[in-house]
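Contents: one structure, followed by commentary.
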Amino acid sequence: MYMSTDELRTAFLKFFESKGHKIVPSSSLVPVNDPTLLFTNAGMNQFKDCFLGIEKRDYTRATTAQRCVRAGGKHNDLENVGFTARHHTFFEMLGNFSFGDYFKEGAISYAWEFLTDVLKLPKDKLVVTIYKTDDEVFSLWNEKIGVSADRIIRIDDNKGAPYTSDNFWQMGDTGPCGPCTEIFFDHGDHIWGGPPGSTKEKGDRFIEIWNNVFMQYNRHADGTMELLTKPSVDTGMGLERIAAIIQGVNSNYEIDIFQKLIKAAADVIGHEDLSNQSLRVVADHIRSCVFLIVDGVMPSNEGRGYVLRRIIRRAVRHGNKLSVNGAFLYKLVGPLVEVMGMAGEALKQEQGLVEKVLKIEEESFACTLDRGMAILNDALENIKGGVLDGESVFKLYDTYGFPIDLTNDVARERGLSIDEKGFETAMEEQRRHAREASQFSNDHNLVIQVDNNTEFMGYGTTESHGMITYISVGSMYTETLSMPDEAVIVLDQTPFYAESGGQSGDVGFFSTDAGRFEVIDTKKYGSVIGHHGNLVDGNLSVGDTIKAKVDAEHRLAIALNHSATHLLHEALRVVLGEHVQQKGSLVRKEGLRFDFSNPEAVNPDEMRAVEKLVNAQIRQNNDISTELMSLDAAKKKGAISLFGEKYDEQVRVLTIGDFSIELCGGTHASRSGDIGMLKIISESGIAAGIRRIEAVTGQGAENAFYRQQQEFIQKINKYQDRAKVLEKEIQQLKEKVAVQKSESLMTELTKIKGVNVLICRLDGFDRKVLRTMIDDLKNQMGSGVVFLGNVTNDQVTLLAGVTNDIVGKINAGELVNMVAKQVGGRGGGRPDMAQAGGSNASALSMALDSVTVWLSERL
């Protein structure tokens, strides 16, 4: 029977729903609160805490269609994509899970029923593998299901080392583990390959389609295997693989969704050969790129962003091989949304952002791709021994942004290889970011394991009583805390809010008659809350009832900032557009940080409009209310949720007046007016298409205004002091210029009746400099009369100087006044020095001519 990929996904989920399983939406590709993983790479990731026993849910059976990425770290399929029939960077994993409910018999029966009754796969085409010593599973397959013994293959441990078989699964070096049974489909003897466990198992004839993992042991650090009291089931079946079988094709790239994507890529690129491997690469990579961006990963040079950049650049390079003209990858976002069916619905609201991010990244790389490829081609044509040296590989990476796997791709296509060790030696420091993927690790014995959840009591209070259920010192459980050590304490109920949803954890104190404990941070561990801190007095023991008191002032400051974050989010959507989506936040006592999607920087006018809108809402003093309702009811009410975020069936809906409504589990103010005011401190870009705002509220905002005021005053004082210094330096320069000018003016000295006379017109000098020049000229001539006329900005300045020996004959004040009347002014002064001003600059030349006549009459 034929099914589309979308129909197959739905059929799987509905089948297990009919068997009492809860359909759980796919979690984000960025694992939530799990530093052990670079990306979500299996269906069980979001249920990890359930398997570890540190989280309790209201269901014991679940089923998912989980989106996964394997393109970095331990699970890295990137280099194989496009060269094999079944490797992908992005894929969907169908899974059913039991948390202490059914076990081996149930899992095997469900798998067989779905494959043979629902999908109608021929039973004689199915082969199963089991762990060599798992006789229980052999009996179930052989006696319960009816699979003949010759189609049940026992897989031994590798080289005899215990628990190293491909059919023995373990979460890590320690923690839950157990045997597994895999189901293979036989495509027929017309395809090369042999059954699992044979020398030809790498062929394409027998394809693994389903893996059932039975978690029945807890492995300790010393290697001992302890039986779990509640064994569980984790299964996985690749959607693309089973779709290939149902649709009667041997390659995943021949199924409906890939054929449509390949066709769309060919149309966009302008290439007609749909069998080209580069089109397969592009069709695969567009899926991982889009879903990673939607889940908040942005191209960068470190961690997850670096892996995304590698995938984008690999896709661009394969488009370049097909002679694509300009950016093209972003044009495939729309076709992807269409072909993904129910899994693509959530992509629509982010389509514009994703296209913008991809286009920016493509155009950035295109600037260096052609030159880099020319250098690579030249290097490959001149290598000796068939291996490209590590120094050349490093140069391509460091100068042209060529990831090593892209260079390796090009080399491999020509039957060559690269010197990876030499590359690593040449770029060890730069490569540190790329290696972050392999640095994720965790010892599963360090997790907090308790039988009961911690009940959070802190929405309405900052004080309550609770019983200590767990104490950890140095990651080791202890019954009593009696030394002033750092410790983690778990209570059965607490008013302390654990760090979550961007809100930082509460601080405060625990106390009993026997001891006192300072809480310096609060974090979540699955379904329990851990209080990090120090014993400051006495002792505390498991079973003690303590009084828990949150630092109320600290909590309130956080709550004000958190409520302001919601107002800020909605204000950004109003001012910039509904494309704005939250991409991260951090709410602390000191202030808030809000990351959001926007293709370009927010200009000052827009930022001011956002700030004004938030503060207008604050001044309205609207009620801030929370309601507990179902997730579906919240969505119908219009509450904003974060795509890819993990939500329970019952969610808290925060409403601020008629302005903002969002899903939020944090603590908040009672009314918007409590926030006081919001002050945006900065706006910046942190990745392509992602902006960040930092802001403060209340007292923090007031402090920010005061700091700005003080900084402004300090700057003014600094500038004033500097201006005084500069003015002094300028005056000194002017005086120096005046002296130099005076020396040159002496060449124009004449005599009238034996008396030295100097009459000059100047331009652009101020009065102080002119007075200096008068004194200097008088000194130089020894005896005589000096008269200077100056025009600056159409204003006339007149100065007259007379040496003391002829003051009885010539009065400087009378002389200046005579000239001033001719230029529309008046003036006067001492007999030896006088000055005046005027407004008629055009009359100055004629007025200066009159000085000679006037002097001649009086000498």
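These numbers come from a predicted model, not from an experiment.
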Do Trp210 and Trp112 have side chains that get closer than 4.5 Å, going by heavy atoms? no
Any idea how Phe291 and Phe90 line up, ring-wise: parallel (<30°), tilted (30 to 60°), or perpendicular (>60°)? parallel
Looking at every heavy atom in both Ala498 and Lys524, which two are closest together, and how far apart are they? CB-CG, 3.6 Å
Aromatic ring pairing His88/Phe258, orientation class (parallel under 30°, perpendicular over 60°, tilted between): parallel
Kindly indicate whether the side chain of Lys104, heavy atoms from C-beta on, has any atom under 4.5 Å from the side chain of Leu140. yes
Could you check whether any side-chain N or O of Asp295 sits under 3.5 Å from a backbone N or O of Leu292, counting only pairs where one atom can act as donor and the other as acceptor? no
Test salt bridge (charged side-chain N to carboxylate O under 4.0 Å, His left out) applied to Asp492 - qualifying residues, sequence neighbours left out: none
Less than 4.5 Å apart, any side-chain heavy atom of Val69 and any of Thr40? no
If you define the side chain from C-beta out and look only at heavy atoms, does anything of Tyr110 sit under 4.5 Å from Tyr102? yes
Take the angle between the ring planes of Phe103 and Phe214 and call it parallel below 30°, perpendicular above 60°, tilted in between. perpendicular
Donor on one side chain, acceptor on other, Tyr477 and Glu479, under 3.5 Å: yes
Short question: side chain of Glu240, backbone of Glu92 - any donor-acceptor pair under 3.5 Å? yes
Testing the basics here: between Ile529 and Thr454, what is the closest heavy-atom pair and its distance to 0.1 Å? N-OG1, 3.1 Å
Parallel, tilted or perpendicular: which fits the ring planes of Phe517 and Phe510, with parallel below 30° and perpendicular above 60°? parallel
Is the side chain of Asp485 donor-acceptor paired with the backbone N or O of Leu481 at a distance under 3.5 Å, no angle test? no
Are Arg652 and Tyr459 in a cation-pi contact, defined as NZ or CZ under 6.0 Å from the six-membered ring centre and within 45° of the axis? yes
Report yes if the side chains of Ile546 and Leu491 come closer than 4.5 Å at any heavy-atom pair, otherwise no. yes
Hey, does the Lys NZ or Arg CZ of Arg154 hover above the aromatic six-ring of Tyr131, less than 6.0 Å from the centre and inside 45° of the axis? no
Identify the heavy atoms of Thr522 and Asp506 that sit nearest to each other, and give their distance. OG1-O, 2.8 Å
Checking the side chain of Asp157 only, and the main-chain atoms of Ser165 only, is there a donor and an acceptor separated by less than 3.5 Å? yes
Do you know which two heavy atoms are closest between Ile183 and Trp141, and how far apart they sit? CD1-CH2, 3.8 Å
Test item: side-chain donor near acceptor, Ser26 and Arg67, under 3.5 Å: yes
Ignoring hydrogens and geometry, is there a side-chain-to-backbone donor-acceptor pair from Thr224 to His220 under 3.5 Å? no
Output yes when a side-chain donor or acceptor of Glu182 lies under 3.5 Å from a complementary backbone atom of Glu208, and no otherwise. no
Does Arg86 reach the side chain of Tyr253, with side-chain heavy atoms less than 4.5 Å apart? no
Pair Asn453, Ser527: side-chain N/O donor-acceptor within cut-off below 3.5 Å: yes
Heavy-atom side-chain contact between Leu535 and Leu540 under 4.5 Å: yes
Determine the minimum heavy-atom distance between Ala487 and Val473, stating which atoms define it. CB-CG2, 3.9 Å
Among Leu119, Asp256, Ile255, which residue satisfies the side-chain contact (heavy atoms from CB on, under 4.5 Å) criterion with Leu8? Leu119
With a 3.5 Å distance limit and no angle check, can you tell me whether Ser232 reaches the backbone of Phe51 through a side-chain donor-acceptor pair? no
More than 12 non-hydrogen atoms from neighbouring residues, nucleotides or ligands closer than 6.0 Å to CD on Glu486, yes or no? no
Determine the sole option in Lys123, Lys125, Arg205 for which the salt bridge (Lys or Arg N to Asp or Glu O under 4.0 Å) test with Asp186 is passed. Arg205
So the salt bridge (charged side-chain N to carboxylate O under 4.0 Å, His left out) pairs with at least one residue in residues 137-153 (sequence neighbours excluded) are Glu105-Lys144
Flag the pair Lys19 and Glu113 as a salt bridge only when some basic side-chain nitrogen lies within less than 4.0 angstrom of an acidic carboxylate oxygen. yes
What pair of heavy atoms forms the shortest contact from Cys177 to Met225, and how long is it? SG-CE, 3.3 Å
Between the side chain of His21 and the main-chain N/O of Phe16, is any donor-acceptor distance below 3.5 Å? yes
So, for Phe99 and Phe47, is the gap between ring centers shorter than 6.0 Å? yes
Spell out, as yes or no, whether a donor-acceptor pair under 3.5 Å connects the side chain of Thr181 to the backbone of Thr129. yes
Give a yes or no on whether Lys132 atom NZ has more than 12 heavy-atom contacts from other residues, nucleotides or ligands under 6.0 Å away. no
Under a 4.5 Å cut-off applied to non-hydrogen side-chain atoms, are Phe91 and Arg70 in contact? yes
Taking atom types as modelled, find out whether His531 and Thr494 have a side-chain donor-acceptor pair closer than 3.5 angstrom. yes
Give a yes or no answer on whether the side chain of Ser464 reaches the backbone of Met457 with a donor-acceptor pair at less than 3.5 Å. no
